[in-house]
Amino acid sequence: MKRLIHIELLKIKSNASFWILVSLHIGIILLVVLSGKVFLHSLSINGENISNMVDPDSIPLYQFPDIWHNITYVASFLKFILAIYMIISITSEISYDTLRQNIMNGMSRTDFIISKLFLIVWLALGSALFIFFTGLIIGIISTPDLQFHDMIKYSGFIPAYFLQLTAYLIFALLIGLLIKKTGLAMGLLFLYTLIVEPIIVFRVKTDWIKGLFPNRAINNLIHMPFGKYALREVQDYVAFKEVIIVLVYMALFIYCIYLLLKKRDL
Amino acid sequence: MNNVVTTHGLTKHYGRIRAVNDLTLDIPEKSVFGILGPNGSGKTTTLGMLLDVINPTSGTYSWFGNFSKKENRQKIGSILETPSFYPYLSALDNLKIIAEIKGIGYENIGEVLKITGLYDRRFSSFRTYSLGMKQRLALASALLCDPLVMILDEPTNGLDPRGIAEIRELIRKIAGQGKTIILASHLLDEVQKVCTHFAVLNKGRLMYSGLVNETHHDELQLEISSDKNSELFTLLKTFPDIKKVEISGEMLVITLPGSYAISDLSRFVFENGFVITHLVAMKKSLESQFLEILNEKA
Ligand SMILES: Nc1ncnc2c1ncn2[C@@H]1O[C@H](COP(=O)(O)OP(=O)(O)OP(=O)(O)O)[C@@H](O)[C@H]1O
Ligand SMILES: [Mg+2]
């Protein structure tokens with residue numbers, strides 16, 4: 001196990017695309033979160049019905065406990081940057097034949113999958129911790145009346161974010177392994193995530209069936225929070241049932257990855 | 001003698017192409033085993049199956065009597081066709097990854113880099129290496145774990161003459177340490193110089209498997225022909241130093257000890273009343289044997 005972790009560390013240590021994409025991920029999250037003020041401001045201009053009911057400046061976007069739900073929801077849009085890295089990581093192992101070489105040198109296929117899952121968990125954990133500390137600092141700065149129970153209320157969205165990112169990165173790993181070509185794999189991942197599945201989901205009428213599609217299921221871990229500022233009802237908790245669906249998908253993806261790698265000539 | 005690897009009916013089909021067809025082969029311990037065959041005869045495919053990167057269509061193989069466990073591969077140093085490394089990593093980091101995979105420490109890395117002449121360039125990324133340097137790094141990686149078995153598929157590909165000679169020396173040295181080496185190559189000369197055993201594949205089938213010593217380089221092969229070949233054949237059979245005489249088409253092929261003076265033979269033939277019309281010393285007996293094997297069974 002320790003060796004597998006060390007192998008992945010050696011691989012990323014001087015890998016330019018890793019550092020670029022991770023910096024991009026962090027940078028854009030910071031940018032988006034901090035420019036939320038602008039978003040808030042634009043709400044007060046455009047959203048007439050909102051401004052009639054509430055004063056935008058008093059919307060507690062950045063305050064405990066709302067910050068946890070809001071920041072994880074926003075950050076979840078940026079999981080695609082890490083997914084790009086995952087695809088590069090796996091497709092380059094294929095195109096440079098290093099996957100084959102690793103097996104020849106004495107890795108088992110299962111070891112290889114485990115080492116990539118380590119990478120995924122590290123990325124997701126790193127990102128979740130980053131979100132946690134960012135949220136904590138912003139929350140402390142923005143909340144006028146700090147209460148401990150407010151600080152921890154909704155903080156369950158951090159593990160939900162971790163789970164969401166992990167599941168999506170495993171999905172990206174599967175697509176990369178399936179398609180093999182970097183550009184094509186990225187294209188298909190986005191085509192599916194942004195267009196194909198949303199169209200299918202849109203045409204499905206029943207809500208619970210919508211929630212069974214993989215990307216929708218992954219996204220459902222953190223429902224859109226902002227409606228509540230327009231006094232609409234939102235799901236402000238992580239639903240157990242939805243966690244189970246995602247866990248099932250993760251197991252399914254990993255099983256497919258295993259089958260693919262086992263059946264394929266390298 | 002024990003076998004390091006045995007295969008039984010190993011077969012790989014790619015659609016209608018039979019890349020390897022019902023291959024049953026034993027590779028004895030401590031041998032330097034050459035696998036010969038024309039392009040596309042299934043050498044790389046065979047080695048790929050033995051290294052668990054190509055799934056056989058049918059058949060089995062077993063390393064050290066232990067089947068295909070990853071622990072077996074950890075004790076094998078291998079190069080399959082082109083050197084494969086992480087291009088953005090230095091030679092040093094690439095070898096560290098391999099050491100981790102093989103479950104060994106880093107202490108051999110410096111030495112194998114020195115043996116292969118890459119020590120001065122160990123911090124350069126693999127991407128910046130020349131073809132020959134890449135091949136040398138592949139060799140370094142195969143040597144890294146002090147392997148029980150080395151599998152070398154075209155190890156001299158892209159090397160300069162000195163590099164080829166160095167690899168030959170290296171193979172001899174490693175073989176001298178009681179290791180087994182499996183070598184796939186087109187360079188018959190190389191195989192003949194270093195191998196103890198060889199097998200010939202053609203179109204995925206095993207054509208021959210045996211010792212090299214029948215065609216050892218301290219033997220001399222001559223092609224000879226005269227006005228009366230059949231009588232000459234009977235005469236040569238009585239010539240004391242000749243190890244073997246064979247009729248090959250219009251020619252007689254005779255095998256003599258390497259130290260033998262050709263003039264003595266020609267005088268003997270002449271004194272017995274024959275007129276020699278053709279006399280050629282054949283250098284590469286393995287090559288002729290190889291071509292014979294391919295022609296016989298084609
Ligand atoms: N991935 C593949 N898909 C289809 N056919 C393949 C594949 N790999 C190899 N083959 C075919 O299998 C046969 C054996 O190929 P292999 O690479 O084992 O030959 P080789 O003996 O190593 O040849 P060379 O001396 O050129 O290296 C060839 O006919 C080749 O076209
Ligand atoms: Mg080959």
Side-chain angles (χ1 to χ4, degrees), chain A residues 1-22 85-116 118-119 122 176-177 180 182 258-266, chain B residues 12-14 19 44-45 47-57 63 68-90 92-106 123 125-127 134 137-138 141-142 144-145 147 151 153:
Chain A
M1 285 298 153
K2 242 176 73 188
R3 286 190 181 267
L4 293 180
I5 295 176
H6 201 187
I7 289 168
E8 277 312 307
L9 284 181
L10 279 166
K11 287 181 193 172
I12 57 179
K13 198 182 66 178
S14 39
N15 182 342
S17 52
F18 173 79
W19 293 110
I20 291 172
L21 286 164
V22 165
Y85 176 68
M86 252 352 270
I87 284 183
I88 292 176
S89 161
I90 185 67
T91 53
S92 65
E93 295 263 10
I94 295 170
S95 60
Y96 297 137
D97 275 341
T98 45
L99 163 57
R100 183 176 87 151
Q101 194 67 43
N102 285 345
I103 305 292
M104 280 165 47
N105 283 330
M107 248 194 189
S108 68
R109 285 156 211 246
T110 318
D111 284 344
F112 184 82
I113 297 171
I114 292 174
S115 74
K116 286 294 167 210
F118 268 129
L119 176 64
W122 274 86
L177 198 61
K180 297 188 207 168
T182 316
Y258 174 76
L259 279 188
L260 257 181
L261 215 49
K262 203 174 162 60
K263 291 272 153 63
R264 181 181 285 173
D265 291 337
L266 304 174
Chain B
K12 178 69 185 182
H13 293 179
Y14 289 110
T44 302
T45 309
L47 297 178
M49 288 192 281
L50 293 181
L51 289 166
D52 198 29
V53 291
I54 296 175
N55 292 312
T57 308
W63 283 102
S68 64
K69 288 202 196 115
K70 68 170 181 182
E71 287 78 10
N72 296 334
R73 274 175 282 127
Q74 289 178 328
K75 294 179 222 141
I76 300 170
S78 50
I79 306 178
L80 213 55
E81 280 183 339
T82 46
S84 314
F85 292 93
Y86 295 93
Y88 53 87
L89 293 183
S90 67
L92 203 58
D93 283 339
N94 269 302
L95 291 183
K96 281 182 185 171
I97 289 179
I98 292 168
E100 294 289 353
I101 293 174
K102 297 227 172 253
I104 56 172
Y106 295 167
F123 296 118
S125 63
F126 178 70
R127 190 191 288 127
K134 288 176 177 169
L137 185 62
S141 76
L144 187 62
C145 66
I151 294 184
D153 188 7

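Basis for what follows: all heavy atoms, side chains included, without hydrogens, waters or symmetry-related copies. In what follows, chains are A, B, ... by sequence order, proteins preceding strands, each numbered from 1.
Neither the backbone nor the side chain of A:Glu8 has a heavy atom closer than 4.5 Å to any heavy atom of chain B. Contacts of B:Tyr86 with chain A are made by both backbone and side-chain atoms, with heavy-atom separations under 4.5 Å. Only the side chain of B:Tyr14 comes within less than 4.5 Å of a heavy atom of chain A; its backbone N, CA, C and O stay farther away. In this structure, chain A has heavy atoms under 4.5 Å from both the backbone and the side chain of B:Leu80. With a 4.5 Å cut-off on non-hydrogen atoms, B:Ala99 touches chain A through its backbone but not through its side chain.
Atom NZ in A:Lys180 sits 11.0 Å away from atom OG in A:Ser95 (nearest 0.5 Å).
With chain A as the partner, the residue from B:Gln74, B:Lys75, B:Lys96 showing the most heavy-atom pairs under 4.5 Å is B:Gln74. For chain B, the option among A:Leu9, A:Leu4, A:Asp97, A:Thr98 with the highest count of heavy-atom pairs below 4.5 Å is A:Thr98. With chain A as partner, the option from B:Pro87, B:Pro147, B:Gly48, B:Ala142 having the largest number of non-hydrogen pairs under 4.5 angstrom is B:Pro87. Heavy-atom pairs under 4.5 Å with chain A peak, among B:Asn94, B:Leu50, B:Ile54, at B:Ile54. For the options A:Lys13, A:Lys263, A:Arg264, A:Arg109, heavy-atom pairs under 4.5 Å to chain B are most numerous at A:Arg109. With chain B as partner, the option from A:Leu266, A:Leu99, A:Asn105 having the largest number of non-hydrogen pairs under 4.5 angstrom is A:Asn105.
The backbone N or O of A:Met107 lies less than 3.5 Å from no partner atom in the side chain of A:Asp111, so there is not a single donor-acceptor pair. Using modelled atom types, no side-chain atom of B:Trp63 and backbone atom of B:Glu71 make a donor-acceptor pair closer than 3.5 Å. The backbone N or O of B:His13 lies less than 3.5 Å from a partner atom in the side chain of B:Thr57, making a donor-acceptor pair. Here the side chain of B:Lys102 pairs no donor or acceptor atom with the backbone of B:Ile97 at under 3.5 angstrom.
Shown here are the ring-ring contact (aromatic ring centres under 6.0 Å, His included) partners of A:Phe112, two or more places apart in sequence or in another chain: there are none. With sequence neighbours excluded, the residues that form a ring-ring contact (aromatic ring centres under 6.0 Å, His included) with A:Phe18 are A:Tyr85.
With a 6.0 Å cutoff to the six-membered ring centre and a 45° limit on the axis angle, B:Lys134 counts as a cation-pi contact of B:Phe126.
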